[in-house]
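Scroll down for the structure; my scribbles are underneath it.
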Amino acid sequence: MGGGLLVAGTTSDAGKSVVTAGICRWLVRRGVKVAPFKAQNMSLNSFVTREGAEIGRAQAMQAQAARVEPTALMNPVLLKPGSDRSSQVVLMGKPVGEMSARGYHGGRQEALLGTVTDCLEQLRSTYDAVICEGAGSPAEINLRRTDIVNMGIARAAKFPVLVVGDIDRGGVFASFFGTTALLSAEDQSLVAGYLVNKFRGDVSLLEPGLDMLYGLTGRRTYGVLPFTHGLGIDEEDGLRVSMRGAVRESVVAPPHGEEVLRVAVCAVPLMSNFTDVDALAAEPGVVVRFVDRADELADADLVIVPGTRGTVKALAWLRERGLADALVRRAAEGRPVLGICGGFQVLGERIEDEVESRAGVVDGLGLLPVRVRFDRAKTLARPVGSALGEPVEGYEIHHGVADVRGGEPFLDGCRVGAVWGTHWHGSLESDGFRRRFLVEVARAAGRRFVPAPDTSFGVLREEQLDRLGDLVEEHADTDALWRLIEGGAPGGLPFVPPGAPPAVPDAAESRGAAPGPAPQSPEGLEMARPEARGEARKSHGPDAEAGPQGLEFAGSAGPEIAVVHVDQEAK
């Protein structure tokens with residue numbers, strides 16, 4: 001059975017994804033067969049695996065860092081927010097229901113622990129090491145009882161925990177100490193130590209603090225990673241777009257042609273797969289920015305309406321802000337517009353939605369001869385084709401079914417004048433196609449822009465992953481990390497008081513409040529509780545010492561009950 005490690009964080013965005021990817025790349029370069037794992041992810045930035053499963057895009061990136069093919073086992077639970085209070089639940093790569101946060105954390109999440117441990121055990125039986133990524137903070141004491149992604153999975157697998165802190169935010173010592181001190185004695189016994197991320201300056205000035213932290217907690221710091229500009233990976237959420245940041249800093253070189261090309265991306269609500277634009281930003285002379293005002297489209301040579309988890313909501317947002325009228329004017333003037341997935345649907349004539357927004361029939365912008373009907377079944381695919389005389393690969397994640405009624409064929413969508421639309425995410429990562437598309441855009445925009453002939457998005461991504469591996473190899477105590485992965489947390493780690501507070505009744509129940517809302521129609525959600533299962537570097541401080549198959553998850557996905565078997569999905 002392979003060893004492993006859980007990379008937790010003092011906060012969201014502390015650097016867990018980066019560190020996990022860096023450890024995976026460091027290990028695979030030293031000949032270790034390694035896989036990433038995240039039990040539960042919350043993200044609108046997802047990916048489709050070869051077997052047609054939807055997982056978090058960060059886990060797909062980490063699999064690439066490990067040089068293995070991503071699978072549903074690496075991210076068995078994915079939550080895709082549809083509002084502040086509800087998310088679509090994706091189990092083993094397939095959507096099984098829409099659920100309120102209260103309903104999910106009210107016991108259904110806990111019932112999934114058996115599923116995620118089964119997935120982890122399957123990975124451990126195949127790989128030498130599994131590097132797990134946590135979510136948020138392990139010290140979210142209000143959620144510990146139902147936790148399946150931080151200390152819950154660490155306890156189940158008996159994995160050591162490395163806590164990452166972002167020192168650039170400030171308060172990293174208090175965060176390390178407080179995170180540890182809010183855990184139970186059993187959880188603390190697995191917290192092996194800390195990793196400082198995004199440090200600027202002279203490390204020798206930090207070392208006294210690390211020594212004092214060791215004195216307070218009895219836990220070493222396994223490394224101090226420097227703040228590094230231009231590190232880009234596939235982020236989970238927000239507008240912290242991965243490769244785009246890297247390209248702005250490292251490839252803001254003179255354009256290959258005479259002029260630059262300006263790309264404006266409409267920052268629609270519930271934006272999904274915003275990494276689609278990273279490949280554009282990888283081109284020298286292409287400037288990509290996110291916009292939310294109509295006047296910001298004025299100097300754009302290309303406007304992109306990206307994917308979204310709320311197509312009708314995004315359409316209303318575009319209209320409220322005047323962006324819809326600006327897009328219509330652009331199309332009339334022959335100025336380029338590209339719609340991707342939900343953005344493609346927005347550009348059509350009509351949307352019939354009784355699934356996502358339940359808004360019924362809504363008029364689109366009418367820029368493309370397309371009518372869209374939302375289906376309860378989600379399309380998850382990895383299409384391959386050609387466009388503009390070049391081969392193209394992509395992936396599809398959508399409930400909308402497009403009826404294309406005219407225009408020139410463009411991938412699975414169409415083109416009318418300088419307006420293009422497709423459901424395919426990731427198509428711009430195909431280098432030849434991207435260059436031909438930019439030539440078309442430059443011509444329509446009247447720009448003397450010429451794409452560089454040798455830009456390879458795949459090579460740039462590999463370089464980024466190698467830089468992450470270099471960070472770990474050069475600035476962490478890798479010998480000590482390997483001992484953790486092989487042998488687990490050191491014995492005799494001291495308890496840091498006060499520990500986890502005693503459990504209290506649910507706050508709403510103690511106030512006599514009504515229970516949280518039931519799973520939202522039409523996709524209810526019921527989870528079968530798993531059967532009881534058996535027990536299946538530069539350092540500070542002393543050196544560290546060296547499931548059952550077939551679990552069912554039943555959920556209403558329309559008129560039929562969908563049952564997912566973990567062992568079947570793994571094949």
Side-chain angles (χ1 to χ4, degrees), residues 4-17 19-20 38-42 101-102 104-107 109-110 113 116 132-198 209-223 484 488-510 540-541 544:
L5 176 71
L6 175 70
V7 178
T10 56
T11 63
S12 295
D13 201 35
K16 298 183 292 291
S17 296
V19 170
T20 300
K38 187 163 186 174
Q40 172 193 293
N41 201 345
M42 177 174 280
R102 174 65 177 272
Y104 184 67
H105 289 286
Q109 179 190 36
E110 187 180 11
L113 181 59
V116 300
C132 305
E133 179 187 346
S137 163
E140 291 169 350
I141 54 179
N142 56 316
L143 302 178
R144 176 61 185 93
R145 180 178 60 83
T146 58
D147 169 50
I148 63 171
V149 65
N150 289 306
M151 301 312 300
I153 195 68
R155 288 268 291 275
K158 296 182 173 60
F159 273 2
V161 178
L162 183 70
V163 181
V164 177
D166 179 357
I167 197 170
D168 198 50
R169 293 184 175 192
V172 74
F173 292 117
S175 297
F176 283 146
F177 180 85
T179 296
T180 308
L182 281 175
L183 300 178
S184 68
E186 294 82 1
D187 286 349
Q188 286 192 27
S189 69
L190 295 175
V191 176
Y194 314 109
L195 186 76
V196 177
N197 191 29
K198 300 182 186 177
L210 300 178
D211 292 336
M212 287 185 276
L213 180 66
Y214 173 77
L216 289 167
T217 67
R219 289 159 174 83
R220 65 190 297 175
T221 297
Y222 284 78
L484 280 183
L493 290 169
F495 173 72
V496 180
V504 296
D506 180 88
E509 292 176 6
S510 67
H540 299 270

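Below, each value reflects all heavy atoms present in this structure, side chains not excepted, and no hydrogens, waters or symmetry copies.
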Under a 4.5 Å cut-off applied to non-hydrogen side-chain atoms, are Met42 and Ser12 in contact?
no
Inter-residue atom distance Thr20.OG1 - Leu6.CG, 0.5 Å rounding
8.0 Å
Of all residues at least two apart in sequence or in a different chain, which pass the ring pair (Phe, Tyr, Trp, His ring centres under 6.0 Å) check with Phe159?
none
List the atom of Pro501, the atom of Leu182, and the distance in Å for their closest heavy-atom pair.
CD-O, 4.4 Å
Heavy-atom check, side chain of Asp147 versus side chain of Val149, under 4.5 Å
yes
Is there side-chain contact between Thr10 and Val172, with heavy atoms separated by less than 4.5 Å?
no
Taking Arg219 for its side chain and Pro494 for its backbone only, find out whether a donor-acceptor pair lies under 3.5 Å.
yes
Decide yes or no for Ser17 and Val7: does some side-chain heavy atom of the first lie under 4.5 Å from some side-chain heavy atom of the second?
no
Ser189 side chain to Glu186 main-chain N or O, any donor-acceptor pair under 3.5 Å?
yes
CG of Leu484 to CZ of Arg220, rounded to nearest 0.5 Å, is 7.5 Å
Please report the shortest heavy-atom distance between Val191 and Leu493, naming the atom on each side.
O-CD1, 3.3 Å
Would you call Phe173 and Leu210 a side-chain contact if the rule is heavy atoms closer than 4.5 Å?
yes
Nearest-0.5 Å distance that lies between atom CG in Leu190 and atom CG in Leu162
13.0 Å
Any pair counted as salt bridge (Lys or Arg N to Asp or Glu O under 4.0 Å), so long as it reaches residues 168-184, sequence neighbours left out:
Asp13-Arg169, Asp166-Arg169, Asp168-Arg200
Decide yes or no for Met151 and Val161: does some side-chain heavy atom of the first lie under 4.5 Å from some side-chain heavy atom of the second?
yes
Enter the distance from Ile153:CD1 to Ile148:CD1 here, rounded to the nearest 0.5 Å.
7.5 Å
Measure across Ala135 and Lys38 and return the closest heavy-atom pair with its distance rounded to 0.1 Å.
CB-CE, 3.9 Å
Search all heavy atoms of Tyr222 against all heavy atoms of Leu195 and return the closest pair with its distance.
C-CD1, 3.9 Å
Under the criterion side-chain hydrogen bond (donor to acceptor under 3.5 Å, both in side chains), I'd like the reasoning laid out for Thr180 against Gln188: C-alpha separation, chi angles, the key distance, then a yes or no.
CA-CA 6 Å; Thr180 308; Gln188 286 192 27; over 6 Å; no
Short question: side chain of Asn150, backbone of Ala8 - any donor-acceptor pair under 3.5 Å?
no
Just so I know, are the side chains of Thr217 and Phe176 near enough to count as touching, which here means a heavy-atom distance under 4.5 Å?
no
Smallest heavy-atom separation, Thr179 atom then Leu183 atom, equals O-CG, 3.2 Å
For Ala14 against Gly9, the heavy-atom pair lying closest together:
CB-CA, 4.4 Å
Heavy-atom donor-acceptor pair, Lys16 side chain to Thr11 backbone, under 3.5 Å:
yes
